[in-house]
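Notes follow the structure.
These figures come from a predicted structure and were not determined experimentally.
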Amino acid sequence: MMRFLMGFSLALATSTLCLRAETNQERLLHTCEARIAAKFKQWRFPPVTAAVAAFAKNRHQNPTVTVGDFDGNGRKDVALLIQDGSAPDPNYPNRLDSLHIAVCLDKKTGVELYFIDKLYCGDGIMRAPKGKSYYDFNTEKKGVYLFDGVSAYCFEQAGATYEFDNGAFRQIVDSD
């Protein structure tokens, strides 16, 4: 009986932690969406091609939302690929003019919203993991991501990762 109670207690504690984490992530996403709406009244998630949707699905990812610790404080943050405007141009190159990455950093003092404008690519986004090495085609230098980054990709063509550095996101062209 004692084993059963200990096992039940462990299962209950684990499920409570999972629910709390999910609730925190949902709270962060809802707060982020509300903050985005304060700046972009007609924002939406951009449409993605069937190829991008299949690629993301195979990796168990969402091509317009990614989660990571983008500022290195140990808390999960969220990044959203968004499109501004009521009737934005879905085709390149004009498509990039209406795309932004909204990053909501979960700080102890609350949520901080950052926008990354003038994207290098905009077919989808995903997390670039902390510690991954890269080569920056613009600077011709190698480096390692100090924190998780937000990678924006042009499917099967190119991409850039945005890493938080001194209060802003800097661009690293890591795929060409």
Item to complete: Nearest 0.5 Å please: distance from the NZ atom of K41 over to the CD1 atom of I36.
Response: 12.5 Å

Discussion item. A side-chain contact here means heavy atoms from C-beta on lying under 4.5 Å apart; do L99 and I82 qualify?
Written reply: no

Worksheet item: Which atom names give the shortest non-hydrogen contact between L96 and C121, and what distance separates them?
Response: CD2-C, 3.7 Å

Discussion item. Does any part of the side chain of V111, heavy atoms only, come nearer than 4.5 Å to the side chain of L113, both counted from C-beta?
Written reply: no

Worksheet item: For the residue pair V52 and D123, what are the closest heavy atoms and their distance?
Response: CG1-O, 3.6 Å

Worksheet entry | Euclidean distance, E112 CD relative to T109 OG1, rounded to 0.5 Å | 5.5 Å

Item to complete: Only counting residues at least two apart or in another chain, list the ones meeting salt bridge (Lys or Arg N to Asp or Glu O under 4.0 Å) with D165.
Response: R170

Worksheet item: Does a side-chain heavy-atom distance below 4.5 Å link V78 with Q25?
Response: no

Fill in: Pairing of K118 and D97 as salt bridge, 4.0 angstrom limit
no

Worksheet item: Going by heavy atoms in the side chains, are W43 and H100 under 4.5 Å from each other?
Response: no

Worksheet item: Is there a side chain to side chain contact (heavy atoms under 4.5 Å, CB included) between Q171 and D136 once you walk through the steps?
Response: CA-CA 9 Å; Q171 181 185 75; D136 188 334; over 6 Å; no

Worksheet item: Do you know the tightest heavy-atom contact between A79 and I125?
Response: O-CD1, 3.6 Å

Worksheet entry | Flag side-chain contact, heavy atom, 4.5 Å: L81 against L119 | yes

Practice prompt. Hey, could you give me the NZ/CG distance between K76 and L29, rounded to the nearest 0.5 Å?
Written response: 15.0 Å

Worksheet item: Cationic tip of K142 within the cone over Y134's six-membered ring, i.e. under 6.0 Å and within 45° of the normal?
Response: no

Worksheet entry | Distance flag, aromatic centroids of Y153 and F55, threshold under 6.0 Å | yes

Would you tabulate the side-chain donor-acceptor contacts of residues 143-151 under 3.5 Å, counting partners in other chains and residues two or more places apart, or write 'none'?
unit_1, atom_1, unit_2, atom_2, d
Y145, OH, T161, OG1, 3.3
Y145, OH, D174, OD2, 2.4
D148, OD1, R127, NH1, 3.2
D148, OD1, K130, N, 2.9
D148, OD2, D69, N, 2.8
S151, OG, T161, OG1, 2.5

Worksheet item: Taking all atoms of both residues into account, what is the closest heavy-atom pair of A160 and Y120, and its distance?
Response: CB-CB, 3.6 Å

Discussion item. With a 4.5 Å cut-off on side-chain heavy atoms, are F169 and F115 touching?
Written reply: no

Worksheet entry | Over 12 foreign heavy atoms within 6.0 Å of NZ, K57 | no

Response to the item:
The reported gap from NZ in K39 to CZ in R35 (rounded to nearest 0.5 angstrom) is 14.0 Å

Worksheet entry | ILVMFWY network linking L105 to I116, side-chain heavy atoms under 4.5 angstrom | yes

Discussion item. For a 4.5 angstrom cut-off between non-hydrogen side-chain atoms, does T64 reach V48?
Written reply: yes

Worksheet item: Do L28 and C104 come within less than 4.5 Å of each other through their side chains, counting heavy atoms only?
Response: yes

Worksheet item: Are Y114 and F164 near enough that their ring centres are under 6.0 Å apart?
Response: yes

Worksheet item: Is there a donor-acceptor pair closer than 3.5 Å between any side-chain N or O of D106 and the backbone N or O of R75?
Response: no

Item to complete: Identify the two heavy atoms, one from F155 and one from A51, that lie closest to each other, and give their separation to 0.1 Å.
Response: CE2-CB, 3.6 Å

Item to complete: Assess the pair F70 and Y162: is the distance between their ring centroids shorter than 6.0 Å?
Response: no

